[in-house]
Every structure is written in structure tokens, then in C-alpha cells.
Amino acid sequence: MEKSTQVKGGRREAAPIPPFEQETLEGWGTPRGRLMARPFFEAAPEWVAPRLLGKVLARRSGRGWLAGRIVETEAYLGPHNDPPDPAAHSHRGPTPRNLVIFGPAGHAYVYAIYGRSYCMNISCETEGKAGCVLLRALEPLTGMEEMARNRELRQDAAGRELTSGPGRLCQALGLTRAIHNGLDLLDPGSPLQVWECGIVVLEALVTPRIGIREGADRMLRFALPGCEYVSGPKRLIGKRVFLG
DNA sequence: CTGTGGATTTGCT
DNA sequence: GCAAATCCACAGG
């Protein structure tokens, strides 16, 4: 069957990014994407956070997956840094709550906040060293209907209301501390995984982190420039950087 | 054991 | 723009 060519305003539109399909995750190692590798995360959070933009977070749900492209992140630094990061949960050393951050890289740190939301982070640095990246927004890719149900939105809800914000994206994917904290995101058998799917992000918008008091001056928030799925105000005070 | 406050969201003004 | 909602880790006694 011949595909019809989309034409608007007399101009052919730029080729869209190939849709992320469920089959991509069902068949491991397809050319369309692959599970990420550990060494990527065994680095400093301020290196990992911008380079996580464009990667895909996927949660197994029954036979299918709920998945979204990561479009906004924040780095939280471990106490071994100079200067230390007073906004990080790990800054006073390991506790039962934040233990995952001190463990091996590539694991999910999920915590409850304000009694109504969960936030999800990915642990960085090698085992024994703390550091993590908070996921602040996703571009929904598959499973939008189930995300809408999880968020208690109307069934045809789409776009930024689904996953723009750290609490929202956890609710959309059904992530909780009880079930998902500590899961290995890089294990093929894990119900929660991080994939790279051929998108290479060369440029990121860097701004101060959101919703914190201490350490609010540090430029540790990263977002895809101009992306409509990013949380917070439309006007972002920040600068663009190139990722090498 | 109790008091406190937070890496948020939502609804109302 | 502001405040309520509402949970739990942690610090202090």
C-alpha cells in the first residue's frame, strides 16, 4: 500500500521522528532501540543529566509498555562534591530512604513528596558514591490511554498534561516507591527500563533547578530547547549549551 | 515518640 | 498568585 505524502502550504513537511512502537520494546535489540548500558550512568550527575535527554523511560504494563521520551532532567550531586549540593537528598549521607542513591548506577530512586506525589530519579556514580538525576518531564510515546486513566484525566488526554512534571510523570506511569524504588533500569527482565532509540540530542537548555531553596542558584536543570512537553513556565531563564 | 518540612499539583481568586 | 492537600523520613528529646 502506497503512503500518501503530507503536503502543507505547498511545502513538504520535514520527516517526522519515527513513532516509538510497542514492538520496539517487545523484541530486544532491534535497530529501533536498545537498552542502555551501565557505564553511561557511572558518571557525575551533571554529565548524565543533559545526555539523558532524548532517551526513553519505559514501564512494562501487562503485555505492552508505557513509555515516554525524557525531555527535562535535574542533576543532584552527592556529598563527595566540592562544593556539596545542599538540595540533594544524599547530602547528609546514606539513610534508609536514600540508600539507592549510594548504590550502583542505573537504578530507580523513587520517593514520596508532599503526600500526594512521587518523584523518580536514576542513580549515578559507581557504588558507594552518591549522585542522581531527577526526571522532570517526558514526551508521551506509547500507552497514552493508560496514562490518562492513571492520571484520572479524560480518555483522549494527550500532550503535556500527561507527563510534564516529576509528580505527573510518576502518576502517568504508575510509579510508586513501594513497587519501583531500587529497580535496575538496565536489566532486560526489569519492568522499568531506560532505552536509547536513535535520537541524539546535541543541544540542551540549562537553567537553575525548580522547587528548591538551597542550591537554587546552580545551573543543574536541563531541557530540550523549545520542547512543548517541558514543565514549568514557557519562558525559561537559561542558556543553551552544546553536548560534546 | 512526636514535630517538622519538602526535588508538587490543583483549584480557586 | 496562593494555599490546601496529605505522606513519610528524619532529627531531637
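Only heavy atoms go into these numbers, but all of them, side chains included; no hydrogens, no water, no symmetry mates. So that the names make sense, note that chain A is the first sequence line, chain B the second, and so on, each numbered from 1.
Remark: the Glu214(A) side chain and the His91(A) side chain contain no N/O donor-acceptor pair separated by less than 3.5 Å. Side-chain contact, Tyr118(A) with His180(A): no donor N or O sits under 3.5 Å from an acceptor N or O.
Contact annotation: the side chain of Val71(A) never approaches that of Arg160(A) to less than 4.5 Å [non-hydrogen atoms, C-beta and beyond]. Taking the side chain as every heavy atom from C-beta outward, Ile122(A) and Met36(A) never approach each other to under 4.5 Å. Proximity of Leu134(A) to Pro166(A): side-chain heavy atoms (C-beta onward) are separated by under 4.5 Å at one or more points. A heavy-atom distance below 4.5 Å is not found between the side chains of Val241(A) and Met219(A).
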Show me the protein contacts with nucleotides 11-13 of chain C, counting only N or O atoms at under 3.5 Å.
none

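Just one residue in the list Asn150(A), Leu135(A), Leu57(A) forms a side-chain contact (heavy atoms from CB on, under 4.5 Å) with Leu173(A), and that residue is Leu57(A).
Looking at heavy-atom distances under 4.0 Å, Arg209(A) makes no contact with the nucleic acid at all.
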Pair Ser90(A)-Tyr76(A), side chain to side chain contact (heavy atoms under 4.5 Å, CB included): steps then yes or no: CA-CA 8 Å; Ser90(A) 61; Tyr76(A) 286 87; over 6 Å; no
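Contact footprint of chain A on DNA chain B: nucleotides with an atom under 4.0 Å from a non-hydrogen protein atom, first to last in 5' to 3' order, dG6(B) to dT10(B).
With a 6.0 Å cutoff to the six-membered ring centre and a 45° limit on the axis angle, Arg97(A) counts as a cation-pi contact of Tyr111(A).
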Strand DNA chain C in bracket notation, Watson-Crick/G-U under 3.5 Å with | for pairs to another chain: |||||.||||||.
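The pair Glu161(A)-Arg154(A) counts as a salt bridge, with a side-chain nitrogen and a carboxylate oxygen less than 4.0 angstrom apart.
Regarding Arg177(A), its CZ atom lies at a distance of 10 Å from the P atom of dC8(C), rounded to whole Å.
dA7(B) sits 22 Å from dG1(C) when the P atoms are compared, rounded to a whole Å. To the nearest whole angstrom, the two P atoms, one in dT2(B) and one in dT6(C), are 22 Å apart.
Leu52(A) approaches Phe40(A) most closely through the heavy-atom pair CD1-CE2, 3.8 Å.
Between Gln171(A) and Val133(A), the residue anchored nearer the 5' end of DNA chain B, judged by the nucleotide with its closest heavy atom, is Val133(A).
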